[in-house]
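Input: a single structure, listed below in structure tokens.
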Protein chains: 2
Amino acid sequence: MWLTMLQLSDLPTEEILQRFAQRYPEADVTAIASFLMLLRVATDLSMALDACLSKHDLLQGRWWVLILLMREQDLTSQPSVLAEKLGVTRATMTGLLDGLEQGGLVQRESVPQDRRSVQIKLTAAGQAKLDAVMPDYYSRLRLCMQGLSERQRSDLQSILGVIDRGLSAWDFHQ
Amino acid sequence: MWLTMLQLSDLPTEEILQRFAQRYPEADVTAIASFLMLLRVATDLSMALDACLSKHDLLQGRWWVLILLMREQDLTSQPSVLAEKLGVTRATMTGLLDGLEQGGLVQRESVPQDRRSVQIKLTAAGQAKLDAVMPDYYSRLRLCMQGLSERQRSDLQSILGVIDRGLSAWDFHQ
DNA sequence: TTGACATAATTAGGAAACTAATTATAATGT
DNA sequence: ACATTATAATTAGTTTCCTAATTATGTCAA
């Protein structure tokens, strides 16, 4: 799904927020500000991740698939399972796997027990690609987060947990 | 830019993170967990926003453009300025404006002073669309964030600020 | 056993973003 | 004045996602 977001510098000023709140009494100014800042920073992080991956000829979607495969004991999974975990459609997963297979990073293997199904296996080249990318990614992430104390990290996670649980209320409103 | 993210239920377990940290000593486990949770919740929020907007026949990109126009005193701006603020290319903005103009929500007006340029104006229909959407969006956002104290909201914003400033270190690492 | 339904993966076609090239106009320096 | 360069918007073509339809296979119940 696309995430298009205002630049950090163009988040609404206090004054603009007040103006909107005046027209729309439903507005909760601090909720809006927190929400926008959250989307903004997540977008920046995601773009930074893209930039890092692109230096290794990878795109985020394909990279996530490699990681999911590496998590498995036998480095193997199924397209439908991968799609579910990644939150994309099966059609999209077919495309991601096509790209990865073409690059030799994964391999499709037929499953005798269920001939509708396919096993996806991380190849040696796929593992090597991860071994090249992950240290780079982890180093950058460490630097990027080093300004946060352990206390702040756990605060962040619990705050995010509250928001995520609050999200269930989103849909029930009509 | 696309943001594809693991489902919340499929964020790495403590055990998986430890396994990755063992293979990649660069890994900072709490940094990774916070990062993934942040992307995850932002993705959920963005999808919830999409769902809300789609009930009003709007997509996020176009909706942001309407909001940017409403912020202006004269409800008017230029494609290049809008593109800059939204963080999309001018080509993308042309497409967004095409869609909005077709729906009668904005209007292109020529600028005598500079005939290369175009003024984009929010129409009455565009303002009416916002007046229909914003109360719905603000109500949901209020509900979704109501579990957070004011203290937590400001904590969140300062933590996000630290991360965003930390992001500048991302690119300097090679 | 066979008809109805469910499931796995893919294909086909469409939407919306991107980059790069194009068109038109403005600004600048010699 | 006029050639060069810069700027505003658009068009053309590619990518990757989506939904819906398709193909193939498996499951289950009458």
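So you know, we letter chains A, B, ... as the sequences are listed, proteins then strands, and number each from 1. Keep in mind the model is a prediction, meaning the values are calculated, not measured.
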Spacing between [X] atom [atom1] and [N] atom [atom2], to the nearest angstrom:
X	N	atom1	atom2	value
B:Leu97	D:dA8	CG	P	15 Å
A:Asp50	D:dT15	CG	C1'	13 Å
B:Leu100	D:dA9	CG	P	15 Å
A:Gln60	D:dC17	CD	P	10 Å
A:Leu58	D:dT15	CG	P	17 Å
B:Leu96	C:dA15	CG	P	15 Å
A:Glu101	C:dA9	CD	C1'	13 Å
B:Gln113	C:dT25	CD	P	15 Å

For residues B:Ser139 and B:Arg142, determine if any side-chain heavy atom of one lies less than 4.5 Å from a side-chain heavy atom of the other.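 With C-beta onward as the side chain, the pair stays apart.
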Are B:Leu97 and B:Val118 side-chain neighbours, meaning at least one heavy-atom pair lies under 4.5 Å? no
Would you check if there is a donor-acceptor pair between the side chains of B:Gln127 and B:Asp131 at a distance under 3.5 Å?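 Per modelled atom types, B:Asp131 and B:Gln127 side chains form a pair under 3.5 Å.
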Is it the case that the side chains of B:Glu14 and B:Gln18 hold a donor-acceptor pair, with the cut-off being a distance below 3.5 Å and no angle test?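 On atom types as modelled, these side chains qualify, holding a pair under 3.5 Å.
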Pick base, sugar-phosphate or nothing for B:Thr89, based on heavy-atom distances below 4.0 Å to the nucleic acid.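 Result for B:Thr89 = base.
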Please classify the nucleic acid contact of A:Arg115 as base, sugar-phosphate, or nothing, using heavy-atom distances under 4.0 Å. sugar-phosphate
Which residue lies toward the 5' end of DNA chain D, B:Asp114 or A:Met93, if each is placed at its nearest nucleotide? B:Asp114
Residue whose nearest DNA chain D nucleotide is more 5′ - A:Leu59 or B:Arg116: B:Arg116
Parallel under 30°, tilted from 30 to 60°, perpendicular over 60°: which one fits the rings of B:Tyr138 and A:Tyr24?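 Taking A:Tyr24 first and then B:Tyr138, their aromatic rings sit tilted (interplane angle of 30° to 60°).
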Residue-phosphate contact under 4.0 Å: [X] side-chain N/O, [N] OP1/OP2:
X	N	result
B:Arg62	C:dA15	no
A:Thr94	C:dT11	no
B:Arg90	C:dT23	no

Taking the side chain of [X] as heavy atoms from C-beta outward, which of [options] is closest to it?
X	options	result
A:Ser117	D:dA24, C:dA9, D:dT10	C:dA9
A:Ala91	C:dA12, D:dT25, C:dT25	C:dA12
A:Val118	C:dA17, D:dT25, C:dA9	C:dA9

Residues of residues 71-85 of chain A with any non-hydrogen atom less than 4.0 angstrom from an atom of DNA chain D: list those, numerically ordered, please. none
Pairwise distance CZ(A:Arg153) to CE(B:Met37) - rounded to 0.5 angstrom: 15.5 Å
Tell me if a side-chain donor or acceptor on A:Arg19 pairs with a main-chain N or O of B:Arg71 at a distance below 3.5 Å. yes
Exam field: side chain B:Arg90 to backbone B:Ala83, donor-acceptor pair closer than 3.5 Å: no
